[in-house]
There are 4 protein chains.
Amino acid sequence: MTLRGWTLPQTATGRSSIVAPPPWHYSGEIIAVDFAAPVDAVAALLPEGMKPAADGAASVVFADWCSASDNDERVIADPAVGQYHEAYVVLHAVRGDKKVGRVPFIWVDSELSLLRGQIQGFPKKMGQIAMTRPVSLGRGGVRKAEGSRFAAHATSHGRRVLTAAVTIAGIADRPPRAATLPLVHTRLFPALDRPEPAIYELQFGTIAGFECGTIHTGSATLAFGATEYEELEALGPVSVGTGYVFSMAFSVMGGRTEPA
Amino acid sequence: MTLRGWTLPQTATGRSSIVAPPPWHYSGEIIAVDFAAPVDAVAALLPEGMKPAADGAASVVFADWCSASDNDERVIADPAVGQYHEAYVVLHAVRGDKKVGRVPFIWVDSELSLLRGQIQGFPKKMGQIAMTRPVSLGRGGVRKAEGSRFAAHATSHGRRVLTAAVTIAGIADRPPRAATLPLVHTRLFPALDRPEPAIYELQFGTIAGFECGTIHTGSATLAFGATEYEELEALGPVSVGTGYVFSMAFSVMGGRTEPA
Amino acid sequence: MTLRGWTLPQTATGRSSIVAPPPWHYSGEIIAVDFAAPVDAVAALLPEGMKPAADGAASVVFADWCSASDNDERVIADPAVGQYHEAYVVLHAVRGDKKVGRVPFIWVDSELSLLRGQIQGFPKKMGQIAMTRPVSLGRGGVRKAEGSRFAAHATSHGRRVLTAAVTIAGIADRPPRAATLPLVHTRLFPALDRPEPAIYELQFGTIAGFECGTIHTGSATLAFGATEYEELEALGPVSVGTGYVFSMAFSVMGGRTEPA
Amino acid sequence: MTLRGWTLPQTATGRSSIVAPPPWHYSGEIIAVDFAAPVDAVAALLPEGMKPAADGAASVVFADWCSASDNDERVIADPAVGQYHEAYVVLHAVRGDKKVGRVPFIWVDSELSLLRGQIQGFPKKMGQIAMTRPVSLGRGGVRKAEGSRFAAHATSHGRRVLTAAVTIAGIADRPPRAATLPLVHTRLFPALDRPEPAIYELQFGTIAGFECGTIHTGSATLAFGATEYEELEALGPVSVGTGYVFSMAFSVMGGRTEPA
């Protein structure tokens with residue numbers, strides 16, 4: 001018998017495995033806020049070879065995802081599996097002569113996303129995330145339109161770590177940098193018989209089919225909260241910039257790695 | 001000092017109360033499936049004075065709600081409070097010469113909705129509910145369009161109690177009966193010093209602003225599951241009818257009661 | 001057909017009802033901390049006819065319960081139903097010439113407990129509660145013995161509202177007042193067709209079989225946290241008193257009511 | 001700056017990392033049931049080089065853990081972090097001339113345990129697990145004594161996958177094999193740029209300080225449930241054997257690996 005499965009648990013069929021290999025497809029609703037962090041604090045969260053943007057530029061992104069997997073039809077078929085929320089920080093950085101992004105902190109409300117993320121080097125933790133979603137009828141919610149307030153927050157370990165809101169005031173002609181900076185991740189899998197990791201390498205996702213809907217923008221608020229398990233509060237924010245509300249989609253086709 | 005609050009906990013400000021009084025506003029995405037149940041089983045779940053539809057007509061409704069409250073601005077402002085899912089059964093019935101609906105079983109994933117429902121006579125329990133939601137971009141989900149499959153399920157006490165799916169095939173010119181039958185609820189609040197309830201009365205919600213978006217229809221599947229805490233399985237289904245995917249909104253302005 | 005069930009949902013069997021009538025039995029592990037609150041703040045949370053203790057005495061109680069119901073054997077049989085955690089504040093007060101307790105705020109992690117509590121007038125909300133429990137073997141936890149630290153905390157709406165710890169230093173010869181003060185509750189069930197409640201009355205539980213195990217005591221820490229849904233922070237604490245770790249059991253046989 | 005942390009997320013302090021390196025200490029309450037599975041079904045879940053016990057012997061184990069970490073004092077200090085439940089299957093097997101155990105399926109209700117397990121090769125998924133715990137006073141629960149029924153169940157993806165109960169009838173002089181068989185795990189960390197895993201190796205935990213309390217035994221019941229994400233149901237059970245209720249503790253000091 002041979003055991004199959006891209007991740008544990010492995011079985012003869014591979015059907016019990018939590019994550020199937022890419023391609024993975026993502027369609028989501030985004031609430032994002034740009035902010036400036038202390039440059040030192042950004043630098044302290046970057047791996048070797050990456051430098052902070054001169055102005056400490058960074059962003060917080062909340063996403064309400066629908067996801068699919070070419071190798072597991074259950075992901076798109078079962079809303080309890082394919083759908084999830086995530087919230088993360090993107091540090092704007094430079095690597096060599098290239099502008100890149102780095103995600104030092106990210107929370108999700110899905111086991112599949114947690115492990116799929118860890119494999120890519122997203123430092124995902126479990127959290128509880130809520131985001132305003134627009135409605136098309138009635139008075140129970142807001143429209144994705146000028147004057148509407150889109151709120152979002154994330155809780156980790158029973159404490160609010162991210163609180164944001166965007167009040168839509170206009171439309172931008174392109175997506176925010178938080179959505180377009182290529183992300184540099186660190187894949188890390190510990191060893192049990194020595195201090196050095198078994199896997200420690202940079203990972204660059206191979207992205208296809210990136211598209212955005214109308215980019216609504218507006219003024220924003222943003223606050224970080226502390227827990228003894230997180231270190232967000234070092235990032236300030238020093239100042240809060242533009243907020244964004246938009247739809248976004250892309251596919252992860254795989255990834256390539258480099259030594260860390 | 002006077003204690004304030006429409007529900008517990010009461011304080012001097014009333015701000016801690018879980019539920020504020022109506023009007024309440026609802027905007028939601030609906031997945032509904034008509035089915036036929038054994039007429040006897042429907043009859044057994046109706047209060048005195050109500051008779052089942054001759055064909056055992058009934059429906060299952062899943063809703064992904066955004067809600068608001070005129071007396072509590074936090075409900076629309078905080079997506080963790082105003083948003084929730086629910087799943088319920090509607091029995092099609094007759095009371096006097098009027099067609100009405102009765103909700104014998106309903107699950108929600110929100111404390112606010114649980115208690116707001118109990119006050120109205122919705123027999124709400126906590127559950128975990130998942131529903132396909134449409135996407136506008138990319139391959140992570142499905143469009144609200146012909147050929148798309150919308151799945152929904154509900155879990156109570158760690159067991160799947162409702163599993164449904166609708167594959168969109170066309171458009172109807174009016175909403176399904178499940179959305180339009182006036183509901184007859186029973187408000188029940190027990191006494192602690194005698195077997196008879198302290199409150200036991202019929203409740204009829206005062207609804208305003210009812211509207212529906214495009215009514216997508218198609219073939220459907222539906223299955224009930226058993227737990228030792230639920231009695232859904234007596235409802236069959238004997239046969240499964242049309243499925244519906246649509247947006248719906250309305251307001252509850254209050255309610256009137258009659259002796260049960 | 002007659003519908004049965006002490007609470008909703010009612011069915012022909014009554015088996016789907018969330019709560020069965022008392023007697024209810026409770027066996028739990030308690031972590032409690034005495035504190036002093038501003039007397040005005042205590043007064044502001046008491047119903048008419050009750051006065052605060054002169055020193056603003058109050059307590060926070062965390063409980064890890066196993067529960068049973070004479071009228072529903074599923075409660076003791078199913079650990080997912082009978083077991084739950086709760087955290088609450090007890091204000092020490094005087095009513096006429098009698099020392100009583102009042103619970104202005106309480107959180108639980110169980111639907112059954114939420115509704116069973118609301119029926120009695122406990123102002124229960126859903127929360128996430130964690131408590132150190134002692135171990136009998138090994139190094140994974142602490143013993144219920146001198147020097148051990150018992151921590152407890154409660155989260156509501158994604159924010160930490162209660163954080164406490166007790167380091168055991170000795171043994172007391174009787175249980176803390178928080179466990180013995182007779183509680184005065186307010187039963188409140190709103191009406192939908194008028195501002196006045198349908199039910200608004202004081203409730204006094206009929207308690208039997210009260211017993212406590214060894215009462216471990218020690219120094220304690222206590223902190224309250226704020227959310228926009230809670231009003232705990234008005235209670236201070238001004239000062240933190242003794243902490244307690246002990247087992248407790250009792251039964252609720254029913255209750256009697258008085259006009260509020 | 002150097003990024004620190006045994007797992008992601010890495011920061012300058014290492015404090016945000018989800019898991020700290022071993023030693024890890026565990027003290028728990030166990031409910032276990034022996035069963036026989038079809039020998040073919042057991043064989044199909046074993047890695048190369050391992051053979052099923054001739055009689056298809058296997059066990060289900062539920063554990064209510066308190067845990068601690070020598071390198072992270074928050075684990076024992078915070079009950080929300082150190083405490084968790086798990087439920088797993090142990091297949092009794094032979095590797096070379098040695099009796100070993102293999103865990104093909106395991107569910108936990110803790111992020112820390114999920115990732116700490118994946119690092120060791122435990123194929124952990126998130127689940128909801130409930131277990132009867134004994135009480136020392138009152139009528140809210142059962143004593144750990146003859147005649148008491150200890151129930152346990154686990155839910156994954158909203159479906160009950162494991163349901164067990166043990167009615168205590170006596171005391172054994174040694175722990176069940178499920179607790180003493182050395183476990184053979186497979187560590188698996190996928191690559192993103194090729195089909196072959198980046199890490200695929202057998203892992204053998206280095207265990208210290210193993211001890212058990214009184215081993216209560218009795219008759220047992222056991223049932224498996226199906227979901228489209230699990231493959232438990234192939235294991236039967238063909239027959240159900242003895243049940244066990246006991247306390248257990250041990251430490252994981254690290255682990256050694258071999259090529260898979």
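All figures in this text were calculated on a predicted structure; none of them were measured in a lab. Every chain is numbered from 1, with letters handed out A, B, ... down the list of sequences.
Under a 3.5 Å cut-off, the side chain of Lys125(A) and the backbone N or O of Pro9(D) do not form any donor-acceptor pair. Arg74(D) places a side-chain N or O within 3.5 Å of a backbone atom of Glu228(A) that can act as its donor or acceptor partner.
A heavy-atom distance below 4.5 Å is not found between the side chains of Lys124(D) and Glu111(A). Using a 4.5 Å cut-off on side-chain heavy atoms (C-beta onward), Leu192(D) and Thr257(A) make no contact.
In this structure, chain A has heavy atoms under 4.5 Å from both the backbone and the side chain of Tyr229(D). Proximity to chain D is absent for every atom of Val103(A), based on heavy atoms less than 4.5 angstrom apart. In this structure, chain A has a heavy atom under 4.5 Å from the side chain of Leu115(D), while its backbone stays farther away. With a 4.5 angstrom heavy-atom cutoff, Gln120(D) touches chain A via backbone and side-chain atoms both. Residue contact with chain A, scored on non-hydrogen atoms closer than 4.5 Å, involves the backbone of Thr227(D) exclusively. Residue Val252(D) does not touch chain A at all, counting heavy-atom pairs closer than 4.5 Å. Proximity to chain D (any heavy atom under 4.5 Å) is restricted, for Leu114(A), to the side chain, taken from C-beta onward. For a residue to count as touching a neighbouring chain, one of its non-hydrogen atoms must lie under 4.5 Å from one of that chain's; by this rule Ala80(D) does not touch chain A. With a threshold of 4.5 angstrom between heavy atoms, Tyr200(D) approaches chain A through side-chain atoms but not through N, CA, C or O. Proximity to chain A (any heavy atom under 4.5 Å) is restricted, for Pro22(D), to the side chain, taken from C-beta onward. Of the atoms belonging to Leu232(D), not a single heavy atom falls under 4.5 Å from chain A.
Remark: Asp78(D) CG to His157(A) NE2 distance equals 8.0 Å, nearest 0.5 Å.
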